[in-house]
Amino acid sequence: MKVTSKLDFDEDFSSICESTAALTEGCRLPVRMHKTDDWPLAEIVSIKDSEGKRQFYVHYVDFNKRLDEWVEEEDLDTRKVQFPRRDGTTTGASTGVTTPKKHHSLAGTGSVSRPASPVPLNNEIVNGNAVLAAALQKKINRKRKAVPVVEIPEENSQDGLTPRQSGSMVIHQDDVVTRMKNVEMIELGRNRIKPWYFSPYPQELCQTPCIYICEFCLKYRKSRKCLERHLIKCNLRHPPGNEIYRKHTISFFEIDGRKNKVYAQNLCLLAKLFLDHKTLYYDTDPFLFYVMTEFDSRGFHIVGYFSKEKESTEDYNVACILTMPPYQRKGYGKLLIEFSYELSKFEGKTGSPEKPLSDLGLLSYRSYWAQTILEIFIAQKPSGESEKPHITINDICEGTSIKKEDVISTLQNLNLINYYKGQYIVCISREIIDQHKKAMDNRKIRIDSKCLHWTPKDWSKRSKWYK
């Protein structure tokens with residue numbers, strides 16, 4: 001997630017600040033990162049007074065927003081402070097402070113200026129009304145593709161708490177409020193989890209030390225006592241949809257965002273705590289949600305999920321995907337991705353996730369694509385005694401349901417494509433094969449297509465019934 005200030009900075013000017021009282025929102029300076037004790041460049045997003053001391057909410061420039069945090073005055077290096085300029089004459093900043101390379105894997109998108117407006121071709125005069133109509137249509141299309149995350153409607157208000165009042169259901173990512181984490185802790189089942197990002201839970205809840213969430217219906221409560229009272233009445237022990245897959249303790253449930261709106265909205269609120277790379281709005285009707293659970297004697301516990309548009313004009317098979325933090329680095333992320341492509345195989349289509357992907361999501365997808373394509377190559381047999389195995393890009397797409405551009409980009413990233421005697425050939429070294437086999441051995445859990453009981457629906461016809 002790119003985070004930039006609306007204010008610009010002088011490229012060559014940085015000064016010594018004698019007192020932190022002179023610091024304002026938008027200033028940039030080296031700040032001690034609590035997780036590493038390094039001093040990367042950070043931007044001050046907000047300032048507050050707490051018990052007579054000033055605290056600063058900072059975003060570490062070129063790092064992912066999940067590392068943003070509140071720091072004390074002693075964590076600030078005021079020897080090189082960049083004060084924001086308002087004349088807009090320059091952008092960027094030079095401080096002599098370098099970001100530690102070892103943390104680049106955590107970085108989000110770099111700071112990139114706004115793209116220039118399109119220039120009319122052949123000195124063509126642009127009609128103002130046409131430009132406005134095109135802009136509005138672009139906004140509608142962008143909103144249509146967005147991941148559904150919600151402001152809670154009145155009927156879903158819980159324990160007398162008032163939902164956030166924002167006027168618009170769209171969360172503007174450059175708003176100072178949405179740039180700051182607003183939930184300190186959540187309790188979900190047996191896990192206490194520290195959120196990474198902003199999520200529009202009711203304001204009264206966000207002021208409590210912990211939000212208590214029912215792990216089965218995902219309703220939220222302000223105290224453990226309130227949650228205990230809720231659990232006595234809550235009859236759910238699994239997501240409120242159809243179970244379409246089960247193998248051993250892993251199950252997948254399909255939830256219609258129209259039929260189970262409250263659950264879908266609560267799921268989106270929960271997911272927003274750990275996702276920061278999508279535009280967000282309230283309508284869950286156009287989406288299906290596939291929730292992966294792990295079963296034990298107490299019920300089906302949510303491990304992760306992905307959402308998917310019922311009708312995607314661009315063949316997206318995933319709108320939003322998340323593995324809950326307690327289950328990350330255990331192979332569940334690839335299992336979610338594998339399941340999304342298994343659905344695409346049943347539909348007879350190729351698919352791709354919506355862009356942009358988060359940094360962690362991109363790593364997971366690149367790894368999945370590489371392993372899946374290498375598996376196809378290694379399984380190929382020569383067609384004759386003296387011939388090499390032959391396979392086309394289209395063959396790979398049909399066998400894996402991975403979209404052609406994703407296959408090509410994966411082959412390029414792996415440096416497997418070579419041009420020889422007028423044709424493209426793939427050369428796989430023994431080292432790559434050994435690395436692949438080792439990686440596949442570590443994938444203990446896989447999707448078994450025989451355990452998937454699901455029939456694709458034609459939503460273009462069904463949408464007429466709902467009108």
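These figures come from a predicted structure and were not determined experimentally.
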If we check side chain to side chain contact (heavy atoms under 4.5 Å, CB included) with Ser364, which of these qualifies: Asp359, Ile337, Leu357?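 With Ser364 as partner, Asp359, Ile337, Leu357 yield a single side chain to side chain contact (heavy atoms under 4.5 Å, CB included), made by Ile337.
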Under a 4.5 Å cut-off applied to non-hydrogen side-chain atoms, are [X] and [Y] in contact?
X      : Y      : result
Leu414 : Thr410 : yes
Met292 : Tyr245 : no
Arg246 : Phe300 : yes
Lys308 : Leu343 : yes
Cys268 : Phe289 : yes
Leu452 : Phe339 : yes
Ile432 : Leu416 : yes
Arg66  : Leu360 : yes

Pick from Phe295, Phe216, Tyr327: which one makes a ring-ring contact (aromatic ring centres under 6.0 Å, His included) with His301?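 Passing option: Phe216.
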Glu405 atom CD, neighbour heavy-atom count above 12 within 6.0 Å: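 Enclosed: over 12 neighbouring heavy atoms sit under 6.0 Å from CD of Glu405.
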If you count the non-hydrogen atoms of other residues, nucleotides and ligands that lie under 6.0 Å from NZ in Lys35, is the total more than 12? no
Supply the atom-to-atom distance [X] [atom1] to [Y] [atom2], rounded to the nearest 0.5 angstrom.
X      : Y      : atom1 : atom2 : value
Ser223 : Leu205 : OG    : CG    : 10.0 Å
Glu311 : Glu309 : CD    : CD    : 9.0 Å
Glu184 : Lys194 : CD    : NZ    : 7.5 Å
Thr293 : His238 : OG1   : NE2   : 9.5 Å
Glu342 : Phe252 : CD    : CZ    : 10.5 Å
Asp38  : Tyr60  : CG    : OH    : 10.0 Å

Between the main-chain N or O of [Y] and the side-chain N or O of [X], is there a donor-acceptor pair closer than 3.5 Å?
X      : Y      : value
Glu354 : Cys320 : no
Asn260 : Ile255 : no
Asn242 : Ile244 : no
Lys355 : Pro353 : yes
Lys181 : Thr178 : no
Thr323 : Gly304 : no
Gln380 : Ile391 : no
Lys272 : Leu275 : yes

Closest non-hydrogen atom pair, [X] against [Y]:
X      : Y      : value
Leu227 : Cys214 : CD1-N, 3.8 Å
Phe306 : Leu336 : CE2-O, 3.7 Å
Asp285 : Gly257 : OD1-O, 3.7 Å
Met33  : Pro40  : CE-CG, 3.8 Å
Phe198 : Val177 : CD1-O, 3.6 Å
Ser340 : Asn317 : O-ND2, 3.8 Å

Could you tell me whether the side chains of [X] and [Y] share a donor-acceptor contact shorter than 3.5 Å?
X      : Y      : value
Glu294 : Tyr332 : yes
Ser409 : Asp406 : no
Thr284 : Gln265 : no
Lys404 : Thr350 : no

[X] with [Y]: basic N within carboxylate O range, under 4.0 Å:
X      : Y      : result
Lys310 : Asp256 : yes
Glu375 : Arg443 : no
Arg446 : Glu338 : yes

Going through the checks in order, is the side chain to side chain contact (heavy atoms under 4.5 Å, CB included) test met by Glu215 and Met324? CA-CA 12 Å; Glu215 61 177 328; Met324 296 300 295; over 6 Å; no
Do Trp454 and Glu347 pass the side chain to side chain contact (heavy atoms under 4.5 Å, CB included) test, and can you show the C-alpha distance, the side-chain angles, and the key distance before you say yes or no? CA-CA 10 Å; Trp454 180 74; Glu347 292 174 318; 3.8 Å; yes
Which is it for Tyr201 and Leu270 under the side chain to side chain contact (heavy atoms under 4.5 Å, CB included) test, yes or no, and what are the steps along the way? CA-CA 9 Å; Tyr201 277 97; Leu270 175 62; 3.9 Å; yes
In sequence, state the C-alpha distance, the side-chain angles, and the governing distance for Phe56 and Glu25, and then conclude on side chain to side chain contact (heavy atoms under 4.5 Å, CB included). CA-CA 9 Å; Phe56 303 82; Glu25 294 173 1; over 6 Å; no
Measure the acute angle between the ring planes of Tyr341 and Tyr365, then classify it against the limits of 30° and 60° as parallel, tilted or perpendicular.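 Taking Tyr365 first and then Tyr341, their aromatic rings stand perpendicular (interplane angle over 60°).
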Test side-chain hydrogen bond (donor to acceptor under 3.5 Å, both in side chains) on Asp395 and Thr392 and set out the steps. CA-CA 5 Å; Asp395 291 335; Thr392 66; 3.0 Å; yes
